[in-house]
Amino acid sequence: MQLARFVSSRSTCLHRNVGALLVRGKHIISSGYNGAPRGLPHCLELGCLKDQKGIPSGQGQEICRATHAEANAIIQAALHGVSTAGATLYCTTAPCTVCAKMLINAGVRRIVYAEGYPDLLGLEMLQQADVKVEEYSSL
C-alpha cells in the first residue's frame, strides 16, 4: 500500500489523490493514478469541473477531467500487452461503480483498498462478482 500511496503523489486532482497497483505473483504488473488523459490539460491547470458545477464527490464521474487510478492501471497493462487476469489491485481508495465494472471485466480477483469512497455500489458489484475485497489495515 505504501507504493500505491507513492503512485498517488503523481495525481493531478485537486481533491482526491489516488494511486493503484496491479500485482500478480508478487510482481507489480501495472500502476495508475488519477489524472487527465495523456496530453490534455488537467485540473491543476484549469480547475475542477465538478467544483465549477457543484457536483459532490462520488457522483458524476463522467463530469471530470481525470481518468481514475484503477482505470489507468488497467489501461497501462493493456497498452503494454500485460494480462490482468487473476491480479490483485492495491488502491488508496475503494473503487467507484465504473472502475468496479472495469476491474471485474479485466479479471481482477482481489482488491485491497485503504480508504472508502462515497459510491458504495462499486463494492456491492465486486462482492456479487465474487471478487475478494479487503480494507487495508496497517496494524
Side-chain angles (χ1 to χ4, degrees):
M1 194 58 73
Q2 259 184 317
L3 290 173
R5 286 190 175 115
F6 179 75
V7 169
S8 77
S9 69
R10 304 259 314 147
S11 169
T12 57
C13 180
L14 294 172
H15 300 291
R16 187 184 304 270
N17 296 343
V18 180
L21 295 174
L22 283 168
V23 175
R24 192 176 55 240
K26 298 187 180 184
H27 295 281
I28 297 169
I29 60 172
S30 184
S31 65
Y33 56 89
N34 56 330
R38 188 181 317 236
L40 297 183
H42 48 77
C43 297
L44 294 175
E45 298 169 319
L46 301 175
C48 176
L49 282 175
K50 290 173 80 170
D51 280 354
Q52 294 163 9
K53 296 182 181 288
I55 300 170
S57 178
Q59 297 178 19
Q61 284 92 342
E62 72 280 3
I63 312 291
C64 181
R65 285 183 181 84
T67 301
H68 285 188
E70 305 93 321
N72 273 328
I74 293 168
I75 291 164
Q76 285 302 308
L79 186 66
H80 296 287
V82 177
S83 173
T84 56
T88 295
L89 176 84
Y90 291 90
C91 193
T92 58
T93 304
C96 72
T97 301
V98 174
C99 289
K101 291 187 278 187
M102 284 189 266
L103 292 161
I104 292 165
N105 285 347
V108 173
R109 299 306 311 146
R110 180 174 170 238
I111 294 170
V112 181
Y113 69 91
E115 298 174 15
Y117 188 73
D119 175 4
L120 299 178
L121 180 58
L123 292 177
E124 290 175 30
M125 293 180 87
L126 290 163
Q127 290 169 348
Q128 289 172 355
D130 291 325
V131 175
K132 187 175 180 182
V133 178
E134 303 170 32
E135 186 170 0
Y136 175 76
S137 172
S138 60
L139 301 175

Over all heavy atoms of both residues, which pair between [X] and [Y] is shortest? Give the atoms and the distance, please.
X     : Y     : result
Ser30 : Ala77 : OG-N, 3.4 Å
Ala20 : Leu89 : CB-CD1, 3.8 Å
Ser11 : Cys13 : OG-N, 3.1 Å

For residues [X] and [Y]: do they belong to one hydrophobic cluster (side chain heavy atoms under 4.5 Å, members Ile, Leu, Val, Met, Phe, Trp, Tyr)?
X     : Y      : answer
Leu21 : Ile29  : no
Val18 : Val98  : no
Val82 : Leu103 : yes
Val23 : Val7   : yes

*Between the side chain of Arg10 and the main-chain N/O of Gly35, is any donor-acceptor distance below 3.5 Å?*
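Not at all, since once roles are kept as given, no pair shorter than 3.5 Å links the two residues.
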
*Do the side chain of Thr12 and the main chain of Leu44 share a donor and acceptor less than 3.5 angstrom apart?*
no

Per-pair distances, 0.1 Å, donor-acceptor, side chain in residues 105-126, under 3.5 Å, sequence neighbours excluded:
from: Arg109; atom 1: NH2; to: Asp130; atom 2: O; distance (Å): 2.7
from: Arg110; atom 1: NE; to: Glu134; atom 2: OE2; distance (Å): 2.7
from: Arg110; atom 1: NH1; to: Tyr90; atom 2: OH; distance (Å): 3.3
from: Arg110; atom 1: NH2; to: Glu134; atom 2: OE1; distance (Å): 3.3
from: Arg110; atom 1: NH2; to: Glu134; atom 2: OE2; distance (Å): 3.3
from: Asp119; atom 1: OD1; to: Thr97; atom 2: OG1; distance (Å): 2.8
from: Asp119; atom 1: OD1; to: Leu121; atom 2: N; distance (Å): 3.3
from: Asp119; atom 1: OD2; to: Gln61; atom 2: NE2; distance (Å): 3.4
from: Asp119; atom 1: OD2; to: Thr97; atom 2: N; distance (Å): 2.9
from: Asp119; atom 1: OD2; to: Thr97; atom 2: OG1; distance (Å): 2.8

Holding to side-chain contact (heavy atoms from CB on, under 4.5 Å), I want the full list of residues that pass it with [X], two or more places apart in sequence or in another chain.
X      : value
Glu62  : none
Cys48  : Leu14, His15, Lys50, Asp51
Ala129 : Ile104, Val131
Gln59  : Ile55, Pro56

Working to the nearest 0.5 angstrom, can you tell me the gap between [X] [atom1] and [Y] [atom2]?
X     : Y     : atom1 : atom2 : answer
His42 : Asn34 : NE2   : CG    : 12.0 Å
Ser8  : Arg16 : OG    : CZ    : 12.0 Å
Arg5  : Asn17 : CZ    : CG    : 12.5 Å

_Neighbour count >12 (heavy atoms, 6.0 Å) for atom CD, Gln52_ = yes

_Co-members of Leu46 in a cluster of I, L, V, M, F, W and Y side chains, linked at under 4.5 Å_ = none

Solution key, residues 63-76 side-chain donor-acceptor pairs under 3.5 Å, sequence neighbours excluded:
from: Arg65; atom 1: NH1; to: Gly47; atom 2: O; distance (Å): 2.6
from: Asn72; atom 1: ND2; to: Tyr33; atom 2: O; distance (Å): 2.8
from: Asn72; atom 1: ND2; to: Thr67; atom 2: O; distance (Å): 3.3

